[in-house]
Amino acid sequence: MKDKPIIVQSDFTVLLETRHPKADEVRPKLSSFADLRKSPDGLHTYRITPLSLWNAASAGATAESIVETLTAYAKFGVPAAVVKDIRAYVNRYGLVRIEREGKQLMLRCDDPEVLKAISAYDSLRSYWEPSPMDHRHTIAVRLTERGSVKQELMRLGYPVVDVAGYQDGEPVPIALRPSLRASGKPFGLRDYQEEAVEAFYRGGAAAGGSGVLVLPCGAGKTVIGIGAMAKLGRATLILTTNSTSVKQWRQELLDKTTLTEDDIGEYGADRKEVRPITIATYQMLTHRKSKDGEFSHMKLFGERSWGLIVYDEVHLLPAPVFRATADIQATRRLGLTATLVREDGREEDVFSLVGPKRYEVPWKRLEAQGWIATVDCTEVRVPMSGETLEAYRKSGAREQHRIAGENPAKLDVARQLLDEHRGNPTLVIGQYLDQLGALSEELGCPVVTGETPNAERERLYAAFRKGEIGVLIVSKVANFAVDLPDAAVAIQVSGSFGSRQEEAQRLGRVLRPKEGNNEAHFYALVSEGTKELEFAMKRQMFLVEQGYRYRSVGWDERRADGLSATPEEGEQAG
DNA sequence: GATTCTGAAA
DNA sequence: TTCCCTTCAGAATC
């Protein structure tokens, strides 16, 4: 009994003892079908939800495999009610399907009772073909409502498996090059990249062709997208988050495939090319002249016979693009992301409109294989001076966040950490421009913010890359800048409200494999005794779920110990 | 015709 | 819930 690390409770929560020897073994299994909710010291709380089960099911898990995992690791067994509900939920995935019969779309369900219940919903009525329902197992769906039906049925608790197939789209020969065009180095997909492409193409439990692949920063999402494009060989629309990323996609396509400059178009501010491979930003699509005006560029979805639409960073897909996506369900869709978690809670819409999760590579797996660096994460608790503390206490909740974030005592901490890691390229990342300006002055290091002109940014990035600048201070540009050079050490001096993505993104800055022991360092500085601790825990949740541990140390203890850290302080986060 | 600035939107 | 960054179109300027 004592050698089991989890407790399964009847309310669908699972408690994981993080110090248990088998904790690291069960963690990736658990997070494939449950979401991490809280991660205080020593005991993490996971929750099994319908959506987490359906994503697991679509990636190939079965009710039995899930129950087996729980049973194998549960200290006090698995409540029978939980087993029963897991089976019921997992079996719901695929219970309702959309199929094609000739030119008609049919909603099929082998359980007549369920079909009857579905046909009784008013919210679905307008999606059915007006023909009378004379089938016991099917309802005819309007061709144009394929997406809306899936979206609404998802809300009602019926995740639809869509096997109605896709239009092929315009053929475009795309082949992967055996060696890179630019450098001549040999090129091929890594094992997990190959597996991801295959999982997308074939699907997990159900027919593939659409869905989401979940991969860590640095896993080569672009390469996987390119792999899928080569597999299909059809006109492709690539949607991504910013113009640097547009350029990067273009470069990668030219470097790694047989496509030529003329095959690839950019649909952006200065050029509006629609080519067999077209790359655009989400902001382009969501642009409108006035607040209530029409979207000027959504027509791009219909401008060519696309065989594939790639949604890069699908967790950032904006609401209006969901709407457009609902209308193009006959086109294959590939979502790429490092996390299914959306800060706006629309994970269900990603599932029903882009597609379910087809494949996930855990961060720790890439780490173990050496594709990304091992990162040592430390949360440093920095006390506030009496003066700052007083100001903090007197302020409203709004200013408190800022005062804690800008705690001047962080300067000394940053200075000492820089001393410790002298010789290693280091990024200092923060949220407030005033704070970053002050740090820049005190530490004598250059700073890059949104105001920094592009030419200057490139100059600084280049100097940092060459090692001419050892420390670079960056604002939220770090969240977007794809071309920001990699570092070995990152010091986060302040962060926003609790964005898990932001934390993951920033950690990503030090993930590139390192020479030598392949180790990188990530420090999060938080003000002792303030709300910042709580925010920091929220931010860390995603990475903790991926198996990262934040060692939490007080600044005074750390200083007393000289340069060595204090591991017995214990891991903590979430 | 190309570049730089501005406000609006998200 | 903030602050910050990015991007678009259109106007102004060279």
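Computed from heavy atoms alone, side chains included, the values below leave out hydrogens, waters and symmetry copies.
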Validation row: A/Arg415, A/Leu443 side chains within 4.5 angstrom (heavy atoms)
yes
N/O donor to acceptor pairs below 3.5 angstrom from side-chain atoms of residues 468-477 of chain A, sequence neighbours left out:
{"unit_1": "A/Ser475", "atom_1": "OG", "unit_2": "A/Val477", "atom_2": "N", "d": "3.3"}

Nearest-Å distance for atom pair CZ/C1', residues A/Arg506 and C/dC4:
10 Å
Could you tell me the separation between the CG atom of A/Leu285 and the C1' atom of C/dT6, rounded to a whole number of Å?
15 Å
Side chain of A/Lys476, base of C/dC4: donor and acceptor closer than 3.5 Å?
yes
At a 4.0 Å cut-off to heavy atoms of chain A, the contacted part of DNA chain B spans B/dA9 to B/dA10
Reading DNA chain C from 5' onward, which residue's closest nucleotide shows up sooner: A/His401 or A/Phe480?
A/His401
Expressed as a whole number of angstroms, how long is the span from A/Leu433:CG to C/dT6:P?
11 Å
Rounded off to whole Å, could you give me the CD-to-C1' distance for the A/Gln431 and C/dC4 pair?
7 Å
Qualifying residues under salt bridge (charged side-chain N to carboxylate O under 4.0 Å, His left out), relative to A/Lys514, sequence neighbours excluded:
A/Asp486
Residues that A/Asp434 engages under salt bridge (charged side-chain N to carboxylate O under 4.0 Å, His left out), provided they are two or more places apart:
A/Arg402
Calculate the interatomic distance between A/Asn454 atom CG and C/dT6 atom P; express it in whole Å.
8 Å
Short side-chain N/O contact to C/dC4 OP1/OP2 from A/Thr449, under 4.0 Å
no
Reading 5' to 3' through nucleotides 7-14 of chain C, protein heavy-atom contacts under 4.0 Å coded B for base, S for sugar-phosphate only, - for none
SSSS----
Between C1' on C/dC3 and CG on A/Asp434, what's the gap in Å once rounded to a whole number?
11 Å
The salt bridge (charged side-chain N to carboxylate O under 4.0 Å, His left out) partners of A/Arg506 (sequence neighbours excluded) come to A/Glu502
Just by distance, with hydrogens left out, do A/Asn424 and A/Thr426 show a side-chain donor and acceptor under 3.5 Å apart?
no
Take the protein atom CD of A/Glu399 and the nucleotide atom C1' of C/dT2, then report the distance between them rounded to whole Å.
11 Å
For residues 340-352 of chain A, which residue pairs pass the side-chain hydrogen bond (donor to acceptor under 3.5 Å, both in side chains) check, not counting sequence neighbours?
A/Gln151-A/Asp349, A/Arg342-A/Asp344, A/Glu343-A/Arg500, A/Arg346-A/Asp349
Filter on ring pair (Phe, Tyr, Trp, His ring centres under 6.0 Å), then keep only pairs touching residues 265-302 of chain A, sequence neighbours left out; what's left?
A/Tyr267-A/His297
For A/Asp419, the salt bridge (charged side-chain N to carboxylate O under 4.0 Å, His left out) test, sequence neighbours excluded, returns A/Arg422
Taking the side chain of A/Arg457 as its heavy atoms from C-beta onward, which of C/dC4, C/dT6, C/dT2 lies nearest to it?
C/dT6
Nucleotide C/dC5, atom P - distance to CD1 of A/Ile473 in whole Å
14 Å
